[in-house]
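Worksheet: one structure, shown below.
What you see is a predicted model, and the numbers here were worked out from it, not measured in a lab.
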Amino acid sequence: MFFYRSKQKNNQNSENKAYSKKQKIWDIASILSLVALVWFIQNAQNILRNTKYLQVSEDVPPLVMTTGDPHIRALMRTISASESSGKNTYALLYGGDHVHDLSQHPDQCIPIKTQVNKGKCSTASGRYQFLTSTWLEKASKYHPNPYETPDGVIYSFKPEYQDIVVYRWLKDHHQWNTDILTLLKKDRVEDALVELSGVWTSLGDGIEDNLMTPFLPKLYRKFLAEELASMRRVVKN
């Protein structure tokens with residue numbers, strides 16, 4: 001009987017040791033899984049941002065306008081990368097839909113469903129997401145080809161005119177608290193973006209940052225290199 005009980009006790013001890021070993025393995029696996037989950041949660045936004053950066057850096061179309069200073073041109077592409085990246089951006093409405101008629105600003109007020117302006121609506125349209133009021137104000141200063149109608153002056157919203165109006169606006173140092181072009185030529189792109197963030201609120205010091213906001217200086221420098229290379233090709237030819 002004693003031998004049987006000893007054997008039974010040894011078997012029980014062996015089972016307990018095996019269970020304890022399995023439990024330790026499960027505990028370690030659980031801890032590692034928890035650590036991995038915490039790391040993923042903490043880094044998910046960075047992962048999304050990097051994915052978005054790689055996509056956008058290859059997906060920002062060139063300007064329709066073919067002339068102009070490469071620094072301003074690169075800045076325009078940077079603005080559109082943050083505000084309206086993707087295909088057919090010149091016809092883009094706030095919210096993601098597109099329009100077909102660009103004979104003038106679409107002036108469609110789309111409900112805002114997120115962030116600080118939730119509950120309001122936005123008329124932001126085109127590659128640079130012009131509000132109707134801003135477009136009419138700036139087009140009256142910089143549009144090269146307005147035309148009169150019985151109902152008033154019309155400013156075509158076609159792609160080349162969107163580019164021209166934004167280009168002239170950015171280059172006009174009287175419109176800003178500083179000379180944007182001078183900042184860009186000194187490679188102070190972060191300061192330039194802050195200056196513009198009151199108009200384009202995703203540029204880094206505004207109220208509506210997005211996944212692209214942290215990468216905008218890097219994107220600008222990439223676009224500038226492309227614009228300078230394109231300019232050298234034109235001069236060479």
Interatomic spacing from [atom1] in [X] to [atom2] in [Y] - rounded to 0.5 Å:
X: Ile110; Y: Asp97; atom1: CD1; atom2: CG; value: 6.5 Å
X: Arg127; Y: Glu83; atom1: CZ; atom2: CD; value: 12.0 Å
X: Tyr220; Y: Leu75; atom1: OH; atom2: CG; value: 7.0 Å
X: Met212; Y: Leu203; atom1: CE; atom2: CG; value: 11.5 Å
X: Leu216; Y: Phe223; atom1: CG; atom2: CZ; value: 9.0 Å
X: Lys171; Y: Asp179; atom1: NZ; atom2: CG; value: 10.0 Å

*Intermediate values then yes/no, side chain to side chain contact (heavy atoms under 4.5 Å, CB included), Val199 and Trp169*: CA-CA 12 Å; Val199 175; Trp169 181 18; 3.5 Å; yes

*Quick one: do Gln108 and Ser125 satisfy side chain to side chain donor-acceptor pair (under 3.5 Å)? Show the steps, please.*
CA-CA 8 Å; Gln108 296 185 29; Ser125 303; over 6 Å; no

*Assess whether side chain to side chain contact (heavy atoms under 4.5 Å, CB included) is satisfied between Ile72 and Leu184, documenting all intermediate values.*
CA-CA 8 Å; Ile72 299 293; Leu184 297 177; 4.0 Å; yes

*Show your reasoning for whether side chain to side chain donor-acceptor pair (under 3.5 Å) applies to Ser103 and Asp101.*
CA-CA 6 Å; Ser103 60; Asp101 182 8; 2.8 Å; yes

Would the distance check show the side chain of [X] and the main-chain N or O of [Y] forming a donor-acceptor pair, the cut-off being under 3.5 Å?
X: Thr178; Y: Ile180; answer: no
X: Asp163; Y: Leu63; answer: no
X: Arg73; Y: Leu228; answer: no
X: Ser230; Y: Glu226; answer: no

Measure across [X] and [Y] and return the closest heavy-atom pair with its distance rounded to 0.1 Å.
X: Ser156; Y: His143; result: O-NE2, 2.9 Å
X: Leu131; Y: Ala124; result: CD2-N, 3.7 Å
X: Gln104; Y: Ile154; result: OE1-CD1, 3.5 Å
X: Pro217; Y: Val189; result: CB-CG1, 4.0 Å

Single-linkage hydrophobic cluster [X]~[Y], side-chain heavy atoms < 4.5 angstrom:
X: Tyr94; Y: Leu92; value: no
X: Trp176; Y: Tyr142; value: yes
X: Met76; Y: Met231; value: yes
X: Leu183; Y: Leu224; value: no

Mind checking whether [X] and [Y] have side chains closer than 4.5 Å, heavy atoms only?
X: Val153; Y: Tyr147; result: no
X: His105; Y: Tyr155; result: no
X: Ile164; Y: Val166; result: no
X: Pro144; Y: Arg168; result: yes
X: His98; Y: Leu93; result: no

*Sequence neighbours left out, what pairs pass side chain to side chain donor-acceptor pair (under 3.5 Å) with at least one residue falling in residues 62-71?*
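Counting only pairs at least two positions apart or across chains, the side chain to side chain donor-acceptor pair (under 3.5 Å) contacts touching residues 62-71 are Asp69-His71.
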
_side chain to side chain donor-acceptor pair (under 3.5 Å) evaluation trace for Thr123 with Asp107_ = CA-CA 6 Å; Thr123 57; Asp107 193 27; 5.0 Å; no

_For Thr213 and Ser202, which I'm curious about, is there any donor-acceptor pair between the side chains at under 3.5 Å?_
no

*Take Tyr128 and Trp200 through the test side chain to side chain contact (heavy atoms under 4.5 Å, CB included) and record every step on the way to the result.*
CA-CA 8 Å; Tyr128 309 99; Trp200 292 284; 4.1 Å; yes

_Qualifying salt bridge (Lys or Arg N to Asp or Glu O under 4.0 Å) pairs, either residue in residues 188-201, two or more places apart_ =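 Output for this query lists Arg188-Asp191, Glu190-Arg221.
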
*How far apart are the C-alpha atoms of Val99 and Leu102, what are their side-chain angles, what is the distance that settles it, and do they pass the side chain to side chain contact (heavy atoms under 4.5 Å, CB included) test?*
CA-CA 7 Å; Val99 294; Leu102 295 178; 3.8 Å; yes

*asked:* Looking at Arg77 and Glu227, is there a salt bridge between them, counting it only when a charged N and a carboxylate O are closer than 4.0 Å?
replied: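 So Glu227 pairs with Arg77 through a salt bridge.
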
Can you list, pair by pair, the side-chain donor-acceptor contacts under 3.5 Å of residues 134-141, counting residues two or more places apart and other chains?
from   : atom 1 : to     : atom 2 : distance (Å)
Lys138 : NZ     : Gln175 : OE1    : 2.8
Ser140 : OG     : Leu136 : O      : 3.4
Ser140 : OG     : Glu137 : O      : 2.5

*Derivation of the side chain to side chain donor-acceptor pair (under 3.5 Å) call for Ser80 and Thr89*: CA-CA 8 Å; Ser80 67; Thr89 56; 5.9 Å; no

